[in-house]
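Read the structure below first, then the notes.
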Amino acid sequence: MFLDNDVWLEPDMLTRMMEALRASGGGFVGAAVQELSFLDDDRPTERRTLELWNGRVTPERIRANTRAHARWALHNAANMAHAAAHLNVELGGWVLYKVAWVGGCVLFDRQKLIDCGGFTFWKDLPADHAGEDVTAQWRVMERYGGAGMMPSGAVHLEAPTTVTNRRVDAAEKLLDH
């Protein structure tokens, strides 16, 4: 589990994430963190790239210059809370959607993560980096696929970030070089 320390999870989230991960067949399932202070800020244009998975999750390659990378905006503000409100998902249920990556709350299939190198690359990064979560997810997505789940059930507590210097982008430094 990759979980930021400023994220609160609904009581059944780990169970729902595990069920979704098993059903997906992919390498991870993420719950986009919702910023509740943005519930009154509906951004439908940022949700234009929302695409549900139809069936099992399949591998895909994401990089900054790909069309799928535009999905990053799905997780701004309370976008996924607004999107989930338009779905008819029964209580305790979930649907999976395609992501660029998921920040803050990701449950990996441990063996699949390890097969892709896990987070062993940390030793190759300077202290002032960001994006290690993206790097691991993109590696897993290329081999096994990954997905986001709605409704999320993960709430960002909106504490100030501790990553103030993002001079080095881990994915840019480590992938395709």
Side-chain angles (χ1 to χ4, degrees), residues 1-4 6-36 38-39 41-64 66-110 112-113 116 130-158 170-171:
M1 180 88 182
F2 186 98
L3 184 64
D4 282 354
D6 62 345
V7 176
W8 176 87
L9 297 179
E10 290 178 352
D12 68 339
M13 262 318 279
L14 292 178
T15 300
R16 290 191 311 148
M17 290 180 82
M18 184 57 99
E19 290 170 358
L21 179 61
R22 287 183 178 140
S24 77
F28 71 83
V29 170
V33 295
Q34 306 301 292
E35 296 180 84
L36 299 183
F38 286 87
L39 284 176
D41 183 5
D42 192 3
R43 303 176 181 188
T45 58
E46 291 185 358
R47 296 192 307 274
R48 283 187 289 198
T49 59
L50 179 61
E51 183 180 356
L52 299 181
W53 279 103
N54 186 11
R56 292 178 67 85
V57 170
T58 58
E60 62 179 330
R61 186 177 191 275
I62 310 286
R63 291 295 185 274
T66 63
R67 195 169 135 189
H69 186 262
R71 298 176 193 152
W72 69 267
L74 290 171
H75 298 153
N76 283 344
N79 278 338
M80 297 319 296
H82 291 119
H86 298 288
L87 297 174
N88 190 18
V89 178
E90 59 187 69
L91 187 63
W94 42 265
V95 296
L96 299 177
Y97 64 95
K98 296 181 180 185
V99 297
W101 72 86
V102 182
C105 182
V106 178
L107 181 64
F108 287 94
D109 176 304
R110 184 179 184 277
K112 291 176 180 176
L113 175 63
C116 296
E132 68 278 358
D133 52 342
V134 177
T135 303
Q137 288 177 49
W138 283 358
R139 285 179 170 178
V140 171
M141 286 173 79
E142 283 185 35
R143 194 161 175 189
Y144 298 105
M149 65 178 287
M150 286 190 290
S152 169
V155 177
H156 188 248
L157 299 178
E158 302 184 51

Next on the checklist: Run the ring-ring contact (aromatic ring centres under 6.0 Å, His included) test against Phe38 and tell me which residues pass, sequence neighbours left out.
Outcome noted: none
Checklist entry - Which pair of non-hydrogen atoms, one from Leu21 and one from Gly26, has the smallest distance, and what is that distance? => result CD1-O, 3.8 Å
Checklist outcome for this item: Residues pairing under side chain to side chain donor-acceptor pair (under 3.5 Å) where one sits in residues 146-157, two or more places apart or in two chains, turn out to be Asp6-His156
Next on the checklist: For Glu142, give me all partners under side chain to side chain contact (heavy atoms under 4.5 Å, CB included), at least two apart in sequence or on another chain.
Outcome noted: Arg61, Arg63
Item to check | side-chain contact (heavy atoms from CB on, under 4.5 Å) between Leu107 and Met18, worked out | outcome: CA-CA 8 Å; Leu107 181 64; Met18 184 57 99; 4.3 Å; yes
Checklist entry - Got Glu35 and Asp41 here, is their nearest side-chain heavy-atom distance under 4.5 Å? => result no
Item to check | Atom of Val102, atom of Gly148 and distance for their closest heavy-atom approach | outcome: CG2-CA, 4.5 Å
Checklist outcome for this item: The ring-ring contact (aromatic ring centres under 6.0 Å, His included) partners of Trp101 (sequence neighbours excluded) come to His69
Checklist outcome for this item: Note: Gly27 and Val140 closest approach over all heavy atoms is CA-CG1, 3.5 Å
Checklist entry - For His75, which residues count as a ring-ring contact (aromatic ring centres under 6.0 Å, His included) partner, sequence neighbours excluded? => result Tyr97
Checklist entry - Okay, side chain of Arg16, backbone of Gly93: is any donor-acceptor separation there less than 3.5 Å? => result yes
Checklist entry - Is the closest side-chain heavy-atom distance between Arg47 and Asp42 below 4.5 Å? => result yes
Checklist outcome for this item: Correct closest heavy-atom pair for Asp133 and Gly103 would be OD2-CA, 3.9 Å
Checklist entry - In Å and rounded to the nearest 0.5 Å, what is the CZ to OH distance from Arg139 to Tyr144? => result 13.5 Å
Checklist entry - Taking it one step at a time, do Ile62 and Gln137 satisfy side-chain contact (heavy atoms from CB on, under 4.5 Å)? => result CA-CA 10 Å; Ile62 310 286; Gln137 288 177 49; over 6 Å; no
Item to check | Main-chain N/O of Ala32 paired with Gln34 side-chain donor or acceptor, under 3.5 Å | outcome: yes
Item to check | Where Arg56 and Gly25 come nearest, the two heavy atoms and their spacing | outcome: NH2-CA, 3.0 Å
Item to check | Short side-chain to backbone donor-acceptor contact, Trp53 and Val95, under 3.5 Å | outcome: no
Checklist entry - Which salt bridge (Lys or Arg N to Asp or Glu O under 4.0 Å) pairs, counting each pair once, include a residue from residues 66-78, with sequence neighbours left out? => result Glu60-Arg71
Checklist entry - Taking all non-hydrogen atoms of both residues, which atom of Leu74 and which atom of Met80 are closest, and how far apart? => result O-SD, 3.3 Å
Checklist entry - Which residue pairs pass the side chain to side chain donor-acceptor pair (under 3.5 Å) test when at least one of the two sits in residues 77-94, sequence neighbours left out? => result Glu46-Asn79
Checklist entry - Who passes side chain to side chain contact (heavy atoms under 4.5 Å, CB included) against Val155, sequence neighbours left out? => result Trp8, Leu36
Item to check | Arg110 atom CZ, over 12 foreign heavy atoms within 6.0 Å | outcome: no
Next on the checklist: I want to check something: taking the side chain as every heavy atom from C-beta on, are Lys112 and Arg143 in contact at a cut-off of under 4.5 Å?
Outcome noted: no
Checklist outcome for this item: To the nearest 0.5 Å, atom CE of Met141 lies from atom NZ of Lys98 at 9.5 Å
Checklist entry - Quick one: does Arg48's side chain have a donor or acceptor within less than 3.5 Å of a partner on Thr45's backbone? => result yes
Next on the checklist: Suppose the criterion is salt bridge (Lys or Arg N to Asp or Glu O under 4.0 Å): which pairs have a residue in residues 17-29, not counting sequence neighbours?
Outcome noted: none
Next on the checklist: Just to verify, what does Leu3 make a side chain to side chain contact (heavy atoms under 4.5 Å, CB included) with, not counting sequence neighbours?
Outcome noted: Met1, Val7, Leu9, Cys105
Item to check | Residues in side chain to side chain contact (heavy atoms under 4.5 Å, CB included) contact with Pro59, at least two apart in sequence or another chain | outcome: none
Next on the checklist: Taking salt bridge (Lys or Arg N to Asp or Glu O under 4.0 Å) as the cut-off, I'd like each qualifying pair that reaches into residues 75-89, sequence neighbours left out, listed once.
Outcome noted: none
Next on the checklist: Would Glu158 and Val33 count as a side-chain contact (heavy atoms from CB on, under 4.5 Å) here? Give the steps.
Outcome noted: CA-CA 10 Å; Glu158 302 184 51; Val33 295; over 6 Å; no
